[in-house]
Participant: 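Input: one structure, supplied below.
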Amino acid sequence: MAPDRKPAFIREDAAYHSFCGLACVGWLYQKIKDSFFLILGTHTCAHFLQNTMGVMVFARPRFGIALIEETDLSRPQPELHALIEEIKADHHPSVIFLLSSCTPDVMKVEFQGLADSLSTPSLPVLFVPASGLEYTFSQSEDSVLQALLPFCPVAAPDDRRVVFLGSVNDAIADDFLAEAEQLGIPVAGFLPSTHFTELPAIGAGTIIAPLQPYLAKVAQLITNERGATLLSSLFPFGPDGTRAFWEDLAAQFGIMVDLSEREARSWAAIASHTERLRGKKIFFTADNLLELPLARFVQSAGAEVQECSSPYINRRFHARELAALDGVRVVEQPNYNRQLRDMHADPPDLVISTMGTTNPLLGAGIVAKWSTEFAFMPIHGWAGVPSLVGMFTRSIDRHAQLGKLDDPVWTAGLMPSIPLEQA
Amino acid sequence: MRLAYWMYQGTAHHGVGRIANSMRGVHAVFHAPQGDDYVTPIFTMLERTPAQPQMTTSVVSGKDLSRGTIQLPHTLREVEQRSQPDLIIVTASCSTILLQDHLEQVVEQAHLATEVLIYDANPYRMQEVLASEGLFTLLVERSATAQARTATPSVNIIGPSSLGFHNRVDLIALKHMLKTLGVQINVIAPWGATLADLRRLPAAWVNLAPYRELGLQATRYLEREFGMPALYDAPIGVQPTLAWLDHLLELLNTVGGEQGAPALRRPPLTAFSLDGESTPSSVPWFARTADMESFSRKTAFVFGDATHTVGVTKFVRDELGMQIVGVGTYLEHEADWVREQLAGYLPDELLVTEQFQEVATRIEQLRPDLVCGTQMERHSGRKFDIPAMVIAPPTHIENHLLGYYPMLGFAGADYLADQVYTTTKLGLEQHLIDMFGDAGLDYEDHHTAPTAPPEPAAPASEPAPQLNGDAPAVPAPPAPAPNGAPGWTADGEAMLRKVPFFVRGRVRQNTERYAIQQGYHEITAAVLREAKEMIGG
């Protein structure tokens with residue numbers, strides 16, 4: 001359970017680079033296969049999604065933007081019925097998520113009422129707060145899951161089973177099912193499920209086991225509304241996190257297991273990687289909200305975490321991870337320019353950074369890697385350990401193999417805003 | 001209100017970012033939610049920038065809105081201290097513009113030593129192209145200062161910019177031609193220019209403004225205010241490049257005449273090649289080779305911005321001998337200019353739309369041999385199994401290749417011709433296949449009406465379209481076509497299957513159209529044969 005002492009972390013001014021909460025659409029529309037994600041937004045939202053999510057490849061993805069144009073600005077409440085009909089005809093979804101964005105937030109669109117007015121028993125339209133004024137990157141998956149909760153059947157109080165919380169791909173889900181079965185842990189399902197029509201039952205006997213670290217609010221909501229028990233453990237990343245996760249989860253069912261040997265085997269399997277990570281200085285700049293468990297893992301693997309920054313930290317939901325990072329400088333909503341100064345003062349061996357900052361860091365001679373990759377790789381559980389550790393070592397190894405770029409001539413003329421002689 | 005999936009242009013604040021990332025000492029500050037910072041990674045990812053682009057988002061959060069706080073003065077001071085720019089451009093985004101903050105007052109409160117320009121880019125009235133063009137024009141108007149002309153012939157190149165379509169290598173092509181002519185470059189802007197460079201724009205003899213989308217208004221301003229002659233053409237293709245060189249020399253010699261300078265002459269054309277002794281472009285000969293005979297029957301559909309749509313349409317018709325079956329642009333404000341430039345080239349109405357679905361529908365109807373478009377038309381082409389090449393922005397990571405692939409000048413003509421040649425289906429081989437069957441290539445059967453390819457995670461509720469090539473042993477009974485076209489009988493269908501697969505879709509469509517015209521209710525082998533005779537299949 002949550003330790004009593006408050007782990008220390010610093011909060012800065014949020015002058016960091018990351019993505020808007022609408023980013024979650026990129027994976028959730030693929031995860032929930034009978035869904036449609038309708039964003040009430042502007043040209044900006046469409047431009048963001050097409051540039052960051054690489055959606056050009058799919059000309060008819062199951063998401064779209066109800067485009068607010070100038071004439072729509074003066075209307076108190078947008079009229080979306082026609083668009084809903086269009087979506088129904090083209091995509092036949094079981095559920096439509098109506099996502100907010102910055103502009104309608106500023107316009108004070110009353111989203112809940114709007115969603116209710118569009119909703120029918122056969123096709124629910126669910127309001128999902130996701131605006132870039134409030135939400136960062138993966139964080140708005142939390143809002144999607146909160147919207148789904150009322151559609152999860154209520155489980156009987158004596159139905160003691162686990163519901164895994166957070167979207168993972170089917171292969172990872174299968175791994176978790178198999179592992180649970182082996183340990184004798186009964187599983188009710190996953191939230192989100194692959195289809196809207198297959199949501200798991202949740203009740204007072206349910207144990208909620210979070211797989212993703214960005215779901216603090218929905219976890220709290222489930223415990224409040226359904227009386228379910230929230231597993232407080234490490235998140236299942238790395239041998240250390242995975243062991244703690246399964247031991248603590250099993251304990252919820254009165255099953256006492258000692259997975260120390262399993263953990264040791266897992267570490268042994270990646271020994272060649274952890275040897276290379278030992279003593280390496282690693283810096284997390286804040287992006288996808290996976291930072292706390294990733295930093296905890298890489299520290300357990302022998303690296304030195306110089307700084308672990310994350311867009312949002314929740315003292316209760318992240319209690320175990322924060323405790324495991326005791327002594328590490330942990331920052332919520334960091335200031336990127338302060339981080340840059342720190343990196344120049346004490347250069348890290350690897351920076352886990354955002355899409356917007358990684359190439360410039362590499363250009364400054366600092367080895368850096370897109371944090372987004374961690375959000376789209378199978379790095380959960382025992383099976384994810386080799387991928388997870390490889391994400392860190394590959395960058396370090398690759399740059400060691402290629403050698404340092406020590407002559408500015410190799411980037412001369414590539415970027416117009418840099419004087420040629422300084423390039 | 002409409003449902004949008006994809007946009008040809010970026011937002012206004014992205015247009016502002018393009019100017020800031022093009023120039024030196026100019027920093028853009030976006031008064032915007034954190035989510036609007038997504039424009040920065042577009043530069044760092046697509047152009048793989050080795051340094052941080054000169055743009056900063058001054059974050060507006062929900063908390064700021066409820067508390068009435070504003071980060072902007074703090075951000076401005078921080079930017080001034082960190083980057084020491086010559087100019088800071090402040091702009092709001094689609095949501096913050098609705099707040100109607102008095103940005104002038106806010107900027108005053110920051111007490112900066114640096115000059116600040118508040119650029120009113122209303123994202124509901126302008127998109128990327130108008131915003132970048134408007135800002136750049138404003139900067140030129142504020143900066144350009146009357147001064148003496150350079151002693152020797154010189155030009156400004158106005159328009160190349162960050163995230164412009166192949167602009168970095170276009171510049172190399174232009175510089176090479178100017179060097180060959182012995183003409184100095186006074187200023188290139190906005191690419192790599194400082195405000196001080198903009199001040200010295202009027203020192204050049206002539207302005208070159210090859211792009212309709214950026215630099216046109218600034219060049220017109222310089223012509224109006226400083227009497228600077230300007231060359232507004234884009235040298236796309238060999239003949240336009242020759243005309244461009246001649247026109248440039250004419251303008252320079254007019255200025256030179258006033259200054260008593262000796263007239264410039266065009267050196268031998270071989271001087272424009274890389275080695276100085278070969279042909280500057282292989283296109284004129286290539287187009288006349290036997291190899292290219294088949295291109296005279298090939299049809300092209302062209303869609304894009306204004307500059308490249310016009311240039312490429314003329315090029316594939318005039319220099320490669322192809323047939324134009326359709327042209328369009330997503331730049332509504334340039335539609336009249338495109339029509340005027342392409343008078344005599346347009347087979348029908350110019351398609352003017354910002355909705356890619358309309359363009360896709362037109363491509364599906366026309367079934368050209370080649371689509372020249374944006375990344376989205378490349379995608380649509382793939383969907384309909386029609387060869388497509390990318391000739392216009394918005395750029396995609398695949399337009400940021402490492403090699404020298406300009407669109408302008410002689411080298412640009414060679415690149416475009418290579419692209420057309422490698423993209424379209426082959427010539428002689430196709431005759432063989434047309435004559436004798438499928439050359440073993442008929443592994444995919446496209447006889448079903450074109451449908452979307454299955455998405456990687458196709459939902460169980462939407463069965464993937466049947467794309468396998470096994471023909472049913474028993475031909476299906478005639479099925480009415482979805483659009484009310486006549487159905488196909490078994491013998492009609494069997495005969496259609498003998499048509500090579502890559503033209504089968506078009507033959508099917510043409511025959512159906514013919515059958516409707518003739519009032520046939522079903523398409524038999526005889527109707528298909530008749531159609532082939534009457535309309536050539």
Side-chain angles (χ1 to χ4, degrees), chain A residues 14-15 17-22 30 33-34 42-44 46-48 50-52 55-61 64-70 72-73 78-80 83 86-87 92 102-103 105-107 131-134 136 337 354-360 363 411 414-419 423, chain B residues 1-7 10-11 14 20-24 33-38 40-42 44-45 47-54 59-62 65 71 75 78 82 93-96 98-99 123-125 127 162 191-192 356 360 375-376 379-380 383 396 452 455 457 459-461:
Chain A
H17 300 270
S18 186
F19 286 150
C20 148
L22 293 176
Q30 299 185 65
K33 299 196 185 304
D34 51 353
T42 64
H43 192 141
T44 311
H47 192 228
F48 161 65
Q50 82 189 43
N51 274 286
T52 55
V55 301
M56 271 153 108
V57 218
F58 313 117
R60 251 167 53 122
I65 293 96
L67 201 65
I68 299 174
E69 293 172 304
E70 191 169 21
D72 301 309
L73 293 175
E79 172 46 55
L80 296 178
L83 294 192
E86 190 181 332
I87 292 163
H92 315 291
C102 305
T103 295
D105 267 9
V106 169
M107 290 166 70
S131 111
L133 284 162
E134 305 277 2
T136 300
N337 293 307
T354 68
M355 290 272 194
T357 55
T358 299
N359 278 335
T411 52
L414 295 181
M415 188 175 179
S417 57
I418 315 179
Chain B
M1 189 165 285
R2 69 179 167 99
L3 194 59
Y5 295 92
W6 195 83
M7 300 292 182
T11 48
H14 178 57
N21 194 48
S22 297
M23 294 186 65
R24 294 189 220 159
Q34 208 259 345
D36 291 359
D37 187 53
Y38 76 91
T40 313
I42 300 178
T44 62
M45 288 164 65
E47 291 188 334
R48 302 182 183 92
T49 62
Q52 199 66 34
Q54 295 295 298
V59 176
V60 177
S61 69
L65 296 188
Q71 304 296 321
T75 310
E78 193 270 331
R82 169 165 51 95
S93 74
C94 61
S95 52
T96 53
L98 304 180
L99 300 171
Y124 299 96
R125 296 192 182 159
Q127 300 182 33
S162 173
W191 183 278
F356 77 88
Q375 285 292 338
M376 187 43 92
H379 175 70
S380 300
K383 186 166 145 187
H396 178 269
E455 290 179 27
S461 55

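In this text the structure is predicted, and so the values were computed from the model without any measurement. We use all heavy atoms of the structure for the numbers below, so side chains are in, but hydrogens, waters and symmetry mates are not. So you know, we letter chains A, B, ... as the sequences are listed, proteins then strands, and number each from 1.
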Participant: Heavy-atom pairs under 4.5 Å with chain B - which of A:M355, A:E134, A:M107 has more of them than the others?
Facilitator: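 It is A:M355.
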
Participant: Between B:M23 and chain A, with a heavy-atom cut-off of 4.5 Å, which part of the residue counts as in contact: side chain, backbone, both or neither?
Facilitator: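 B:M23 touches chain A through backbone heavy atoms alone.
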
Participant: What are the two closest heavy atoms between B:Y5 and A:P61, and how far apart are they?
Facilitator: CE2-O, 3.7 Å

Participant: Determine the option with the most heavy-atom pairs under 4.5 angstrom with chain B, choosing from A:S18, A:C102, A:A15.
Facilitator: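 Counting heavy-atom pairs under 4.5 Å, the top option is A:S18.
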
Participant: Given that the side chain runs from C-beta out, which part of B:R82 has a heavy atom under 4.5 Å from chain A: side chain, backbone, both or neither?
Facilitator: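 For B:R82, side-chain heavy atoms alone lie under 4.5 Å from chain A.
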
Participant: Which atom pair, heavy atoms only, marks the closest approach of A:P360 to B:P53?
Facilitator: CG-CD, 4.5 Å

Participant: I'd like to verify something: which residue of B:P50, B:S162, B:S61 has the highest number of heavy-atom pairs under 4.5 Å with chain A?
Facilitator: B:P50

Participant: Shortest non-hydrogen contact from B:V59 to A:A14?
Facilitator: CG2-O, 3.8 Å

Participant: Below 4.5 Å, heavy-atom pairs only: which of B:Q71, B:R125, B:R48, B:E47 has the largest tally toward chain A?
Facilitator: B:R125

Participant: Could you measure the distance from the OH atom of B:Y38 to the CG atom of A:N51? Nearest 0.5 Å is fine.
Facilitator: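 CG of A:N51 is found 7.0 Å from OH of B:Y38.
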
Participant: Checking B:A20 against chain A: side chain, backbone, both or neither under 4.5 Å from a heavy atom?
Facilitator: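 The backbone, not the side chain.
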
Participant: Measure up the B:H14 and A:H47 rings against each other and bin them: parallel (under 30°), tilted (30 to 60°), perpendicular (over 60°).
Facilitator: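 Plane angle between 30° and 60°, so tilted.
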
Participant: Of all the heavy-atom pairs spanning B:Y124 and A:E70, show the shortest one and how long it is.
Facilitator: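 Shortest heavy-atom separation between B:Y124 and A:E70 comes out as CB-CB, 3.9 Å.
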
Participant: What is the minimum heavy-atom distance between A:G356 and B:T44, and which atoms define it?
Facilitator: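 In terms of heavy atoms, the two residues are closest at O-CG2, 3.1 Å.
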
Participant: Which pair of non-hydrogen atoms, one from A:P78 and one from B:M1, has the smallest distance, and what is that distance?
Facilitator: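 That would be CB-CE, 3.8 Å.
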
Participant: Just by distance, do the side chain of B:Q54 and the backbone of A:I418 share a donor-acceptor pair under 3.5 Å?
Facilitator: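 Not a single qualifying donor-acceptor pair exists.
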
Participant: Please classify the contact of B:Q127 with chain A as side chain, backbone, both or neither, using a heavy-atom distance under 4.5 Å.
Facilitator: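 Side chain only.
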
Participant: Working to the nearest 0.5 Å, report the span between CG of A:L67 and CG of B:L3.
Facilitator: 9.0 Å

Participant: Ignoring hydrogens and angles, tell me if any N or O in the side chain of B:D37 forms a donor-acceptor pair with the backbone of A:H17 under 3.5 Å.
Facilitator: no

Participant: Which atoms of B:I42 are under 4.5 Å from chain A, going by heavy atoms: the side chain, the backbone, both sets, or neither?
Facilitator: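 Interface part for B:I42: side chain.
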
Participant: Sort A:E86 into side chain, backbone, both or neither according to what part of it lies under 4.5 angstrom from a heavy atom of chain B.
Facilitator: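 Side chain only.
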
Participant: Between the main-chain N or O of B:M7 and the side-chain N or O of A:Q50, is there a donor-acceptor pair closer than 3.5 Å?
Facilitator: yes

Participant: Can you measure from OG1 (A:T357) to CD (B:Q52) and round to the nearest 0.5 angstrom?
Facilitator: 6.0 Å

Participant: For chain B, which of A:T354, A:D72, A:T358, A:L133 has the most heavy-atom pairs under 4.5 Å?
Facilitator: A:L133

Participant: Which region of A:T42, side chain (C-beta onward) or backbone (N, CA, C, O), has a non-hydrogen atom less than 4.5 Å from a non-hydrogen atom of chain B, or is it both or neither?
Facilitator: side chain

